[in-house]
2 protein chains.
Amino acid sequence: MSKCEQCIIKQFNALKTLSKEELLRVSSCKTSMFIKKGETIFEEGESVNGVYCIKSGACKLSKLSSNGREQIVKLVVKGDLLGQRSLIGSESANLTAVALNDMEICFIPKSEIINDLAKNPNFSNSILEQMAADLRNSDNVIVNMAQKSVKNRIAEVLIYLHETFGVDEEGFLAIQFSREDFANFVGTATESAIRILSQLKKEGYITTQGKLIKIENIEGLKRVE
Amino acid sequence: MSKCEQCIIKQFNALKTLSKEELLRVSSCKTSMFIKKGETIFEEGESVNGVYCIKSGACKLSKLSSNGREQIVKLVVKGDLLGQRSLIGSESANLTAVALNDMEICFIPKSEIINDLAKNPNFSNSILEQMAADLRNSDNVIVNMAQKSVKNRIAEVLIYLHETFGVDEEGFLAIQFSREDFANFVGTATESAIRILSQLKKEGYITTQGKLIKIENIEGLKRVE
DNA sequence: AGTAAAACATGACAAATATCATATTTAAAA
DNA sequence: TTTTAAATATGATATTTGTCATGTTTTACT
């Protein structure tokens, strides 16, 4: 089992604030696992009781609406922690986490890390900072959902995917996102998402090849209304 | 100047985790102030550099969208802390705070409380809990905005206002919320908010008298689609 | 009280989005 | 490979929501 000390993840997330000793202890009890694309890591309502470190891959966090539709609330990517809120209080997961591609993750039980949260102010501060950033981001998402058109939101998702995951050798978005994922992310019907992607294609902002998408004019996309 | 120790606010928010000594020090540097309905406490982009305790009254936190509309993101009420995120990191306010009615608030400078955050794990934990709850709430708001109809969202706001502020002697909602506020809270045009309130009136869920609103059938409202 | 301004209300119409139907293409499985 | 299922695409139409116009009521101010 690899040590957290050597793991690249350490450089990205709140674990970097832990001391060598703390990291060694965490290392010794963590569970490393591989998750295949489409598999569920945890579901809304379950108790999570620990945090996951994303070593590679990405997942979507979503919630089932009362109308039966899935709403993607955010994406969690390599270097992020997943399930931080399970460390605080004892409530069950509010969201469902499903892998967008093959992932490698480490699970650290709450019991092993909860003391660090109480005793290491750097660690709790780092979690605080992360949550403050998440809240700021949520505010912005709420405003976008409430005030912007579906076309505008789809354009923003394209830009976000481009910035977050980059492109492959041929210039296609490096993450595979189905039309349904687009719809569930911006809160619209799948057909509407498809229609708008077709429209963006006709307008020359993107090109597609199968389900692969290439952004051709990112500045234009930013100005889409 | 009144002491935090004796203030009722102490019982509601994160300040309750401070020791007697810490509270005394905070007390000695806080600034108490009265804010009139409609006045701005701070604006998006400003640096806040401290937290406000809401002793009485309530305010709305909103953000200006790129389309020029105001989006209300959340309400902050008596017993809540306002501007907690200013304690973490050093970023400027993401939201604008405007009083919904006359308020009495206390301002505690960041410099006086930042040490407690680092040294008193109970205090930082209390802030963490609050932020975790806020995040959970934001998730739910995002889902509602993305998936529910305007009518449904207006109905939910009515229920929320009822639960949060209660009613006056005659049964009217104890908070005055303009039609524009309703619109800005659910992300719709003012005319649409007006229309839907009229509709809810016709359907017998609410009655109005001037801008006062009385909920007549809360169970019915919960079932509105 | 009288006047102006703001808030509320409602009709008519336009635009955005959802829904249903039905192809077509792509991916998965036998 | 062949077959089947899933994802993508697009038209037709219904529904929801926004916009503009205009009138009424309420509130604020002198």
Side-chain angles (χ1 to χ4, degrees), chain A residues 36-39 65-71 100-101 144-155 157-158 172-173 175-203 206-214 224-225, chain B residues 36-39 65-71 98 100-102 144-155 157-158 172-173 175-203 206-214 224-225:
Chain A
K36 288 218 186 85
K37 176 175 177 174
E39 282 182 1
S65 171
S66 51
N67 64 7
R69 281 209 184 133
E70 175 194 346
Q71 176 64 37
L100 284 170
N101 44 35
N144 287 344
M145 284 294 181
Q147 304 281 354
K148 296 189 176 172
S149 70
V150 172
K151 187 174 182 185
N152 205 170
R153 283 179 270 154
I154 294 266
V157 170
L158 286 168
F172 292 107
L173 286 180
I175 181 105
Q176 285 234 21
F177 222 54
S178 72
R179 303 297 193 258
E180 194 179 7
D181 286 330
F182 276 99
N184 293 344
F185 207 3
V186 307
T188 193
T190 305
E191 296 95 319
S192 297
I194 290 172
R195 240 179 267 277
I196 283 170
L197 285 168
S198 301
Q199 202 182 335
L200 292 174
K201 194 157 66 170
K202 274 191 199 118
E203 294 167 344
I206 61 175
T207 52
T208 63
Q209 190 178 299
K211 51 182 10 175
L212 299 175
I213 297 176
K214 188 187 291 184
V224 158
E225 287 305 323
Chain B
K36 287 218 187 85
K37 178 176 176 171
E39 282 182 359
S65 169
S66 50
N67 64 8
R69 280 210 184 132
E70 176 193 346
Q71 176 64 38
V98 173
L100 284 171
N101 45 33
D102 293 349
N144 287 345
M145 285 293 182
Q147 304 281 356
K148 295 189 177 173
S149 70
V150 173
K151 188 174 183 187
N152 205 171
R153 283 178 270 155
I154 294 267
V157 170
L158 286 167
F172 293 106
L173 286 180
I175 181 105
Q176 286 234 19
F177 222 56
S178 71
R179 303 298 194 254
E180 195 180 6
D181 286 330
F182 276 99
N184 293 344
F185 208 3
V186 306
T188 193
T190 305
E191 295 96 322
S192 297
I194 291 172
R195 236 179 272 275
I196 282 171
L197 286 168
S198 301
Q199 202 181 333
L200 293 173
K201 194 158 66 172
K202 274 189 199 120
E203 294 167 343
I206 61 174
T207 52
T208 63
Q209 191 176 299
K211 52 184 7 177
L212 299 176
I213 297 176
K214 188 187 293 185
V224 159
E225 286 307 322

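These values consider heavy atoms only, across backbone and side chains, with no hydrogens, waters or symmetry-generated copies.
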Novice: What contact category does B:S149 fall into here, base, sugar-phosphate, or nothing, at under 4.0 angstrom with non-hydrogen atoms?
Specialist: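 It contacts sugar-phosphate atoms only.
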Novice: When the nearest nucleotide of DNA chain D is assigned to B:R153 and to B:E191 on a heavy-atom basis, which residue is associated with the more 5' position?
Specialist: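 The residue closer to the strand's 5' end, by nearest nucleotide, is B:R153.
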Novice: Let's see if you can work this out: which of C:dC8, D:dG18, C:dT17 has an atom nearest to the side-chain heavy atoms of B:S192?
Specialist: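 Among C:dC8, D:dG18, C:dT17, the one nearest the side chain of B:S192 is D:dG18.
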Novice: Rounded to whole angstroms, how far apart are CD on B:Q199 and P on C:dC8?
Specialist: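 Value for this atom pair: 18 Å.
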Novice: Is a side-chain donor or acceptor of B:N101 paired with a backbone partner of B:Q176 at a separation under 3.5 angstrom?
Specialist: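 Checked: no pair found.
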Novice: Measure CG/A:L197 against P/D:dA7 and give the value in whole Å, please.
Specialist: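 Nearest whole value for this atom pair: 16 Å.
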Novice: Taking CG from A:L212 and P from D:dT8, how many angstroms apart are they, rounded to a whole number?
Specialist: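 Spelled out: CG on A:L212 to P on D:dT8 is 11 Å.
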Novice: What is the distance from NZ of B:K151 to P of D:dT16, rounded to the nearest Å?
Specialist: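 Rounded to whole Å, this separation is 9 Å.
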Novice: Side chain of B:S178: nearest nucleotide among D:dT8, C:dC8, C:dT17?
Specialist: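 Looking only at side-chain atoms, B:S178 lies closest to C:dC8.
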Novice: Mapping A:R179 and A:A146 to their closest nucleotides on DNA chain D, which lands nearer the 5' end?
Specialist: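 Of the two residues, A:R179 wins.
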Novice: Hey, does the side chain of A:T190 come within less than 4.0 Å of D:dA7's phosphate (OP1/OP2), counting only N and O?
Specialist: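 False: A:T190 side-chain N/O out of range (4.0 Å or more) of D:dA7 OP1/OP2.
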Novice: Which value, rounded to the nearest 0.5 Å, describes the distance between A:Q147 atom CD and B:R69 atom CZ?
Specialist: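 Atom-to-atom, A:Q147:CD and B:R69:CZ are 6.0 Å apart.
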Novice: Please report the distance, rounded to the nearest Å, between NZ in B:K202 and C1' in C:dG11.
Specialist: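 Value for this atom pair: 11 Å.
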Novice: Take atom CG of B:N184 and atom P of D:dT17, then tell me their distance rounded to the nearest Å.
Specialist: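 Spelled out: CG on B:N184 to P on D:dT17 is 17 Å.
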Novice: Check if the side chain of B:R195 and the base of D:dT19 share a donor-acceptor pair of N or O atoms closer than 3.5 Å.
Specialist: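 Pair found.
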Novice: Without decimals, in angstroms, what is the distance between A:Q176 CD and D:dT8 C1'?
Specialist: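 Distance check: A:Q176 CD to D:dT8 C1' gives 13 Å.
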Novice: Ignoring the backbone of A:T188, work out which of C:dA9, C:dA18, D:dA9 is nearest its side chain.
Specialist: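 Closest nucleotide among those given: C:dA18.
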Novice: Map B:K201 and A:K211 onto DNA chain C by nearest heavy atom, then report which one ends up closer to the 5' terminus.
Specialist: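 Mapping each residue to its closest nucleotide by heavy atoms, the 5'-most match is B:K201.
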Novice: Strictly by modelled atom types, are B:K148 and A:S65 linked by a side-chain donor-acceptor pair under 3.5 Å?
Specialist: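 No, because no side-chain N or O of B:K148 sits under 3.5 Å from a partner of the opposite role on A:S65.
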Novice: Check for a donor-acceptor pair, side chain of B:D102 on one end and backbone N or O of B:K37 on the other, with a separation under 3.5 Å.
Specialist: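 Yes.
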Novice: If we check side chain to side chain contact (heavy atoms under 4.5 Å, CB included) with B:F182, which of these qualifies: B:I194, B:I213, B:V150?
Specialist: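 Between B:F182 and the candidates, side chain to side chain contact (heavy atoms under 4.5 Å, CB included) is satisfied uniquely by B:I213.
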Novice: Could you state the atom-to-atom distance from CD1 of A:I194 to P of D:dA6 in whole Å?
Specialist: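 So the two atoms are 16 Å apart, to the nearest Å.
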